[in-house]
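For reference, the structure is listed below as structure tokens.
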Amino acid sequence: MKDFFQLIKNIFLAEQDRWNLWLPILFGGGISIYFLLPFEPFWLLGTFAFLLCLILFTFFRKNSICYCFLLGLCFLTGGFAIIQLKANFLSAPRLSKNINFVWIEGTVNNVDIYPNAQRLTLEHVFIDRIPIEKTPKYVRIRSNGLTPKIEKGDIIEVRANLMPPGLPIEPGSYAFCRNLWFNQIGASGYATGKPIILQKNKNTPFFDIFEEIRRNIAAHVQAVLPAHQAGVVLPLIIGSTSSISQTTYENYRDAGIAHVLSVSGLHMMLIAGLVFSFVRFLLTLFPPIALRFNIKKIAAVIALIITFFYLMISGLAIPAQRSYLMLCVVFIAVLFDRQALSVRNVCWIAFLILLFKPESLVTASFQLSFGAVLALICTYETLKEPVQNFLHKQNNKLFRWMIGLAFGFLITNIAAGLATAPIAIYHFYRFPTYGILGNFLTSSLFGLAIMPLLLLSVLMMPFNLDVYPLKIAGFFLDLVANITEWIAHLPYASIIIPTLPDWGFLLLITGGIWFCLWKNKIRFLGLLFFLIGTCSFLFHTTSDLFISQGGKLIAYQEKGHFYFSSLNRQKKTRQQWMERNGFDSNNNISLIKEELFQINGYTIALSSDYCGIADIIIAKQKNAPLCDSAMVLDYKTLWNKGTHTLFFKDNNFYIKNAADSLGFRLWHPNYKNPFLLDFFNN
């Protein structure tokens, strides 16, 4: 036993240069602990814990073991403290109940354009019939139609139906109300009439200039290209996904390349790489400049500037901001003659992002982008030397170049695909079987043709010379469309997989990080955790009975066949229920034709008229009579507790509901702010 502990000690001492990489991971771990708690802790708990660990670290830092342990605790509690303080101080008023046909006046903070609708986020809001002190800070409204043309900064008036932040669609699923909480959106709804513009925005601040550029680019692209090509070009340039057809999106998704339809690390890397390479090549053509100046550093600065403008016209999406920050670190490393890409850089970039936006840790975009980058860098660190040795042995330069390029594309797609697939399954419940093939066939088209042409077209737009680059890019996009359509129609192109349990997802994330951060054989222990976490969907249990909030939609399943109370209402809810449990929402569905049915020996009734016959009554009507002989899920319970799921097993049943699964957290619709927090906010 003593020898075993000595072996473990020697292994970890050999990895001493990698210990500091775990500090950002521990910081993220503290944030995770906060989100995983089933209750809201005292709002200064994290701060007190961090200060205590900091004091202990100051006193015991001379002891090497205490130094490492307490420094790790400082980062862990620091992450917990940061997210807890931010969550508490972002508190803002929220609606407590639905309010219909109410007049709203406010300043437009953001406009999202959809094919036949606009989604408006309003600030400085005045809502009729609601006191000012209870008025939400931000309100989000969907308005059907694209007229009148509303821009950021306009003051508008609109009549709308408003709802408070809602509960998850299914117990344990994505909590929309949490996202609204961190964005201080206290109500959402839809307009019942056309918005009225009371005052147009007369100011032209820095950000609004780029908004005008984005609108001009969109109008120009739509005038030059047909709709099916423009629908894909606009996301690549200005980040607008509203014009993508459903068929195109599904083909891209099933081919495993849906990530190209939102501006993120891939697009930033391609633009930065193109500008850096072109500028560096151009400067080499002028010997007086190339011999007197470091053209590599000049190219890095110019690439950083051009990429910043791309970030601005792309709409400042969060993944794009994150990617630009990573590029800043890479090019600054070039300026100081440091290694541009390393695991250390990635970890500390993640730390900086979480320091200012800790809530992004639980988002799919953060996990997918950093998972892919970390996997790629670790793969190249491992394979760099053997691949270079192999290529140097090849005498034919053209053959060596082609093999190196093909191998690079293949390894990139395999590494990124394996790293992100489980994360995508956890969030989106789908696995693109031929994702590696789809990325391999299309990545060269995007990298070598489409993105360079689109960059050229944007640069040429002020001179009206962009038509031909756009049309050529459209030709290559048609090739991509044909490839994705072919892959999407292959057998089992997209497999729907039940969502991973939280413990399984934590295992795979921990295992992936463990494998990437260590260098010696102990890293392979992480693969074991990763595989167990990836396969944890096998432990998923599908509910037997589903009841949506307020009882608007009811479903039960028998051996994978679903029966719904309606096939026309709440289609998104139906889709979420089925796909989250591993079933195709377009197949194996039927209509519930009777108000009385049986599940595993239990009689379920959809009306209180069956009191004395049914074991469980779903009373959708308000003020339904009570029934002593059956368990009644009344309208009030169904509304307050949200979606209910029932499991029938071994002559017994148990119930889950969305409200309890969410935990009594700050973003819970029924949570009331603590007294001290109200005091500071006021």
Side-chain angles (χ1 to χ4, degrees), residues 209-241 243-244 248 252 257 259-286 289 295-296 298-317 320 323-324 327 330-331 405 409 441-483:
I209 293 173
F210 284 98
E211 284 295 322
E212 184 64 26
I213 294 173
R214 294 179 74 232
R215 285 193 293 270
N216 292 336
I217 291 174
H220 199 82
V221 169
Q222 289 171 333
V224 173
L225 297 178
H228 69 280
Q229 292 178 358
V232 180
V233 168
L234 291 180
L236 299 177
I237 299 179
I238 65 171
S240 173
T241 59
S243 55
I244 302 174
T248 300
Y252 273 59
I257 64 168
H259 57 277
V260 304
L261 296 175
S262 61
V263 176
S264 57
L266 172 67
H267 307 77
M268 286 288 172
M269 178 190 69
L270 289 175
I271 295 297
L274 287 169
V275 175
F276 179 80
S277 302
F278 178 75
V279 171
R280 193 175 181 186
F281 169 75
L282 190 65
L283 292 177
T284 58
L285 301 179
F286 301 91
I289 297 177
I295 60 174
K296 182 180 179 181
I298 295 174
V301 172
I302 295 175
L304 206 55
I305 294 172
I306 297 294
T307 312
F308 172 76
F309 281 97
Y310 178 58
L311 171 68
M312 297 304 297
I313 67 172
S314 68
L316 285 172
S323 302
Y324 184 74
L327 282 174
V330 169
F331 284 124
L405 186 63
F409 273 121
L441 294 177
T442 61
S443 56
S444 58
L445 291 175
F446 278 101
L448 302 178
I450 296 172
M451 291 305 294
L453 287 167
L454 294 181
L455 174 62
L456 180 63
S457 68
V458 172
L459 295 176
M460 292 292 117
M461 276 185 188
F463 312 103
N464 292 323
L465 299 174
D466 59 298
V467 174
Y468 289 108
L470 279 176
K471 287 186 176 294
I472 298 172
F475 168 77
F476 285 107
L477 284 172
D478 283 342
L479 288 181
V480 173
N482 292 333
I483 292 172

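Along the sequence shown, residues carry numbers from 1. FYI, side chains are in, hydrogens and waters are out, and symmetry mates aren't considered; it's all heavy atoms of this structure. Quick caveat: nothing in here was measured; it's all calculated off a predicted structure.
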task = Under the side chain to side chain contact (heavy atoms under 4.5 Å, CB included) rule, what do D478 and H228 come out as? Steps first, then yes or no, please.
result = CA-CA 9 Å; D478 283 342; H228 69 280; 3.3 Å; yes
ask   = What closest approach, in Å, do A218 and I238 show between heavy atoms, and which atom pair accounts for it?
value = CB-CD1, 3.7 Å
request  = Would you check if M461 and V221 make a side-chain contact, meaning some heavy-atom pair closer than 4.5 Å?
outcome  = yes
ask   = So do the side chains of T248 and Y252 get within less than 4.5 Å of each other, counting heavy atoms only?
value = yes
query = Taking C-beta and beyond as the side chain, do V480 and I257 meet within less than 4.5 Å on heavy atoms?
reply = yes
ask   = Do the side chains of L477 and F446 get nearer than 4.5 Å, heavy atoms only?
value = yes
inquiry  = Taking the side chain as everything from C-beta on, heavy atoms only, tell me whether F276 gets closer than 4.5 Å to K296.
reply    = yes
inquiry  = Once rounded to the nearest 0.5 Å, what's the spacing between atom CG of L456 and atom OH of Y468?
reply    = 14.0 Å
message = Within this structure, what is the CD1-CZ distance for the pair I313 and R214, rounded to the nearest 0.5 Å?
response = 8.5 Å
message = So L455 and V275, do their side chains get closer than 4.5 Å, heavy atoms only?
response = yes
query = Closest approach of S457 and L470, non-hydrogen atoms and distance?
reply = OG-CD2, 3.6 Å
Minimum side-chain heavy-atom gap V260-T442 below 4.5 Å = no
query = Step by step, would you call Y310 with I306 a side chain to side chain contact (heavy atoms under 4.5 Å, CB included)?
reply = CA-CA 6 Å; Y310 178 58; I306 297 294; 5.8 Å; no
remark   = S443 meets the side-chain hydrogen bond (donor to acceptor under 3.5 Å, both in side chains) criterion, sequence neighbours left out, with none
task = Compare every heavy atom of L225 with every heavy atom of A230, then report the nearest pair and how far apart it is.
result = N-CB, 4.1 Å
